[in-house]
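Have a look at the structure below before the remarks.
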Amino acid sequence: MINKILRWASLLPALAAAGCIWSDYHETRYYDMQSPEPLPALRSPVTVGVFANATPVRQRMLFSRGDGEVVVDEYNRFVQPPDQMLVRYLSIAFGSQNDTQANAPVIAINGRIFMFEFDLAKNEARCGVDYTMELRRPDGIVEPIRTESVIFRSEASSADPDVVARAFSRCLMQLADRLYGVADQSADKTVNPRTAAGE
């Protein structure tokens, strides 16, 4: 009997350690951008190239508290790094552009994303992008259309992860609308881009 008690007593530290491990466990949750509606087709097809990721994190959510302080959320993450989500979002938004003429000039877009953070003081998502748009003609001539650095903002009702993800989706929608407007103006057409509503 005493031997059994001693054996159980020897297991207590291990059981206590295991309890600590389980009590500190946090489930990691992943969030994605909302899929956009395809934009109306232009005269020229639009191709979305590479966007470099110049943000300080990959998939983790980044929160700004002001005065230069930032907080990284280890347990709420995006399904992909910001640059990959941006390229995927734009590729879907401009997907209908591939229905245009095969011999038409191609509008090519590429760049980098340098900001993808949520401002806790203002409760808004901020997405900063540098992009270059150019027209590539079938004869090999490349004509620059625009190079621009822009920051898109979208207010949110809270800093809950799902609300934050939707706010970033609206930032990408603003980017898609802006790129569409620039591409459309280069073709001397009129565009009425969508407006991003607040949360």
Residues in side-chain hydrogen bond (donor to acceptor under 3.5 Å, both in side chains) with [X], at least two apart?
X: Arg126; answer: Glu117, Asp119
X: Asp160; answer: Ser158
X: Arg65; answer: Glu69
X: Arg146; answer: none

Problem - Pairs meeting criterion salt bridge (charged side-chain N to carboxylate O under 4.0 Å, His left out) with involvement of residues 85-94, two or more places apart - result: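 Passing the test, one end in residues 85-94: Asp32-Arg88.
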
Problem - Hydrophobic cluster of Val142, others only, ordered by chain and residue number, side-chain cut-off 4.5 Å - result: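 In the cluster with Val142 there is nothing else; it is isolated.
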
Verify same cluster id: [X], [Y] (apolar side-chain graph, 4.5 Å):
X: Ile145; Y: Ile109; answer: yes
X: Val72; Y: Val79; answer: no
X: Phe51; Y: Val150; answer: yes
X: Leu62; Y: Val164; answer: no
X: Leu135; Y: Val46; answer: yes

Shortest non-hydrogen contact from [X] to [Y]?
X: Leu172; Y: Met85; value: CD1-O, 4.3 Å
X: Val182; Y: Met133; value: CG1-SD, 3.7 Å
X: Ser44; Y: Pro105; value: CB-O, 2.8 Å
X: Ala183; Y: Ser186; value: O-OG, 2.5 Å
X: Ala159; Y: Phe63; value: O-CE2, 4.2 Å
X: Gln174; Y: Arg153; value: NE2-O, 3.0 Å

For [X], which residues count as a side-chain contact (heavy atoms from CB on, under 4.5 Å) partner, sequence neighbours excluded?
X: Ser35; result: Ile92
X: Ser149; result: Phe114, Asp130
X: Pro81; result: Asn53, Arg58, Gln59, Asp83, Gln84
X: Ala52; result: Arg112

Hey, what do you get for [atom1] ([X]) to [atom2] ([Y]), rounding to the nearest 0.5 Å?
X: Leu175; Y: Tyr180; atom1: CG; atom2: OH; value: 15.0 Å
X: Arg166; Y: Cys171; atom1: CZ; atom2: SG; value: 13.5 Å
X: Met173; Y: Leu39; atom1: CE; atom2: CG; value: 10.0 Å
X: Tyr89; Y: Met33; atom1: OH; atom2: CE; value: 9.5 Å
X: Asp184; Y: Leu179; atom1: CG; atom2: CG; value: 12.0 Å
X: Arg43; Y: Ile107; atom1: CZ; atom2: CD1; value: 10.5 Å

Exercise for the section: Using a strict 4.0 Å threshold on nitrogen-to-oxygen distance, state whether Arg29 and Glu27 make a salt bridge. Expected result: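 Yes, charged N to carboxylate O under 4.0 Å.
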
Do [X] and [Y] come close enough that some side-chain heavy atom pair is under 4.5 Å?
X: Glu148; Y: Arg178; answer: yes
X: Val163; Y: Ser157; answer: yes
X: Phe118; Y: Ser64; answer: no
X: Arg77; Y: Asp73; answer: no
X: Met115; Y: Ile151; answer: yes
X: Val48; Y: Leu86; answer: no

Handout entry: Under 3.5 Å: donor-acceptor pair, side chain of Thr132, backbone of Gly111
Key =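 No.
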
Handout entry: Polar side-chain atom of Glu37 near backbone of Ala93 as donor-acceptor pair, under 3.5 Å
Key =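 Checked: no pair found.
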
Problem - Test ring pair (Phe, Tyr, Trp, His ring centres under 6.0 Å) applied to Tyr131 - qualifying residues, sequence neighbours left out - result: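 With sequence neighbours excluded, Tyr131 shows a ring pair (Phe, Tyr, Trp, His ring centres under 6.0 Å) to no residue whatsoever.
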
Practice task
List in chain and number order the residues that pass ring pair (Phe, Tyr, Trp, His ring centres under 6.0 Å) with Phe152, two or more places apart in sequence or in another chain; answer none if no residue qualifies.
Solution key: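 Listed in chain order: nothing, the list is empty.
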
Practice task
Show your working on salt bridge (charged side-chain N to carboxylate O under 4.0 Å, His left out) between Glu143 and Arg136 and close with a plain yes or no.
Solution key: CA-CA 6 Å; Glu143 300 178 8; Arg136 299 176 180 175; over 6 Å; no

Handout entry: Check: Phe168 ring centre within less than 6.0 Å of Tyr31 ring centre
Key =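 Between Tyr31 and Phe168, which both carry aromatic rings, the centre distance is not below 6.0 Å.
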
